[in-house]
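Single-structure report; data block below.
Just so you know, residue 1 is the first one in the sequence shown, and it goes up from there. Since we're looking at a predicted model, the values are computed, not measured.
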Amino acid sequence: MMQIVRGKSGWVEVICGPMFSGKSEELIRRIRRAEIARQRVQIFKHAFDARYDSDSIVSHSRQSLPSVSISKPSDILERTADRTELVAVDEAQFFDAELVDVCSRLADQGKRVVVAGLDLDYRGQPFGPMPLMMCRAEYVTKQLAICVTCGDPAGFTQRLTRSRDQIQVGATGMYEARCRHHFEVPEETDLDDPETTRTASG
Ligand code: ADP
């Protein structure tokens, strides 16, 4: 749909949802199609995400594409070539709000910008720049995973460890996809006292 009409202006696409919802797969799919169309693509991700490989975006289903790790949104502007047609950003939730302006500027330059990231953190709260990104984007795709407890569509990411940091990079074993019924918000009292923190793994 979004590829049919091509004028002079660029635009921003957001792919969001919980962990395991296929955000990286969908980002990789859109990038591969652009490459088939012989468009010039640059791929960035936050330097925090060292899941499998610091120089690739990697899905949980092990698809991957080479990427450049950066720590701040202005790095994207500095590193994007004039002739680049598609700028892809993975793990967008880790960046600060400057990401929104950077993506808008790239779109103003006529580029297609595709941003993938978690919309909610492990407490079920909006994550970093994602709410603003979603408001400013022309296209927003919210994906759902499968709840590991009941098999329903899952919009939440359950953290299985007791860490209270909003950012704790990891995947299998540390996080699970859960539906709204099975998602448990960490209780503040638990968070204040690590000794009483319950983990979903027992
Ligand atoms: P995200 O980037 O949103 O974390 P990925 O694209 O990396 O998602 O991974 C999606 C893949 O994860 C699915 O295609 C599937 O193979 C696998 N997967 C593992 N657990 C789940 C789950 N609970 N629900 C859906 N997919 C899952």
Side-chain angles (χ1 to χ4, degrees), residues 2 9-24 26-28 30-31 41-51 54-59 65 67-82 84-145 155-159 163-171 174-175 177 183 185-186 188 191:
M2 54 197 88
S9 59
W11 66 88
V12 178
E13 301 165 25
V14 169
I15 304 163
C16 67
M19 283 182 71
F20 307 103
S21 64
K23 299 182 298 299
S24 298
E26 177 61 16
L27 183 64
I28 289 168
R30 293 185 193 184
I31 293 167
V41 177
Q42 282 186 261
I43 308 170
F44 300 98
K45 73 166 182 181
H46 198 283
F48 270 132
D49 180 46
R51 264 197 293 202
S54 60
D55 297 308
S56 296
I57 53 171
V58 183
S59 75
L65 283 175
S67 66
V68 172
S69 292
I70 49 159
S71 54
K72 55 184 195 303
S74 57
D75 295 343
I76 299 173
L77 276 184
E78 278 168 26
R79 289 163 180 257
T80 298
D82 286 347
T84 294
E85 293 159 281
L86 170 57
V87 177
V89 184
D90 202 8
E91 303 294 356
Q93 73 278 355
F94 292 150
F95 291 102
D96 63 28
E98 193 193 358
L99 182 68
V100 182
D101 293 327
V102 164
C103 292
S104 293
R105 279 181 61 178
L106 292 168
D108 290 344
Q109 293 168 14
K111 302 184 194 307
R112 175 185 176 197
V113 184
V114 187
V115 172
L118 290 165
D119 49 351
L120 300 174
D121 67 12
Y122 75 102
R123 296 164 305 182
Q125 295 300 316
F127 208 147
M130 293 305 288
L132 261 180
M133 279 301 323
M134 292 162 73
C135 292
R136 292 279 174 76
E138 276 84 355
Y139 304 98
V140 178
T141 307
K142 175 152 176 166
Q143 310 203 134
L144 297 173
F156 297 90
T157 305
Q158 186 78 53
R159 182 179 283 179
S163 166
R164 283 168 275 169
D165 298 330
Q166 189 185 33
I167 297 174
Q168 189 185 30
V169 176
M174 286 167 74
Y175 295 97
F183 174 65
V185 183
E188 286 304 320
L191 296 176

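Gln143 is linked by a side-chain hydrogen bond (donor to acceptor under 3.5 Å, both in side chains) to nothing, counting only residues two or more places apart in sequence or in another chain. Partners of Phe156 under the ring-ring contact (aromatic ring centres under 6.0 Å, His included) rule, at least two apart in sequence or in another chain, are Phe183. Under the salt bridge (charged side-chain N to carboxylate O under 4.0 Å, His left out) criterion, Asp75 pairs with Lys72, sequence neighbours left out. Residues forming a side-chain hydrogen bond (donor to acceptor under 3.5 Å, both in side chains) with Ser74 (at least two apart in sequence, or on another chain): none. Considering only residues two or more places apart in sequence or on other chains, Ala137 meets the side chain to side chain contact (heavy atoms under 4.5 Å, CB included) condition with Val12, Val14, Val140. Looking at residues two or more places apart in sequence or on another chain, you find no side chain to side chain contact (heavy atoms under 4.5 Å, CB included) involving Asp108. In terms of the side chain to side chain contact (heavy atoms under 4.5 Å, CB included) criterion, residue partners of Ala177 (sequence neighbours excluded) are, by chain and number, Phe20, Ala145, Ala154. Gln125 pairs by the side chain to side chain contact (heavy atoms under 4.5 Å, CB included) definition with Asp121, Arg123, not counting sequence neighbours.
Note: Arg112 CZ to Trp11 CH2 = 6.0 Å, rounded to the nearest 0.5 Å. Distance OG1/Thr157 to CE/Met174: 12.5 Å, rounded to 0.5 Å. Atom CG of residue Leu65 and atom CD1 of residue Ile28 lie 5.0 Å apart, to the nearest 0.5 angstrom. Annotation: the span from Ser56 atom OG to Asp90 atom CG amounts to 11.0 Å, rounded to 0.5 Å. The CZ atom of Phe127 sits 9.0 Å away from atom CD of Glu91, with the distance rounded to the nearest 0.5 Å. In this structure, Leu106 CG and Asp101 CG are separated by 11.0 Å, a value rounded to the nearest 0.5 Å.
Among all heavy-atom pairs drawn from Leu99 and Pro73, the shortest one is N-CG, 3.5 Å. Pairing each heavy atom of Ala47 with each of Ser69, the nearest pair is CA-CB, 3.9 Å. Contact record, Ala92 with Pro129: O-CG, 3.5 Å, taken as the closest heavy-atom pair. In plain terms, the two heavy atoms of Pro131 and Gly128 that are nearest each other are CD-O, 3.4 Å. Closest non-hydrogen pair, Leu27 versus Ala88, comes out as CD1-CB, 4.0 Å.
Judged purely by distance below 3.5 Å, without hydrogens or angles, the side chains of Arg105 and Thr80 never pair a donor atom with an acceptor atom.
Other residues, nucleotides and ligands contribute over 12 non-hydrogen atoms within 6.0 Å of the CG atom of Asp96.
Annotation: side chain of Arg159 is not in contact with side chain of Pro186 (no heavy-atom distance under 4.5 Å). Under the 4.5 Å side-chain criterion, counting only non-hydrogen atoms from C-beta, Leu86 is not in contact with Arg30. Counting only heavy atoms from C-beta outward, the side chains of Leu118 and Lys23 approach each other to under 4.5 Å.
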Please determine whether side-chain contact (heavy atoms from CB on, under 4.5 Å) holds for the pair Val114 and Ile31, giving the CA-CA distance in whole Å, both sets of side-chain angles, and the decisive distance to 0.1 Å. CA-CA 9 Å; Val114 187; Ile31 293 167; over 6 Å; no

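In this structure, Lys111 contributes its side chain and Asp82 its backbone to a donor-acceptor pair below 3.5 Å. Without hydrogens or angle criteria, Gln42 side chain to Arg79 main chain gives a donor-acceptor distance under 3.5 Å.
Legend: salt bridge (charged side-chain N to carboxylate O under 4.0 Å, His left out) pairs involving residues 136-145, not counting sequence neighbours, sorted by first then second residue: Asp119-Lys142. Pairs passing the ring pair (Phe, Tyr, Trp, His ring centres under 6.0 Å) check and including a residue from residues 95-116, sequence neighbours excluded, read His46-Phe95.
Applying the side-chain contact (heavy atoms from CB on, under 4.5 Å) test between Phe44 and each of Ile57, Val68, Val115 identifies Val68 as the sole match.
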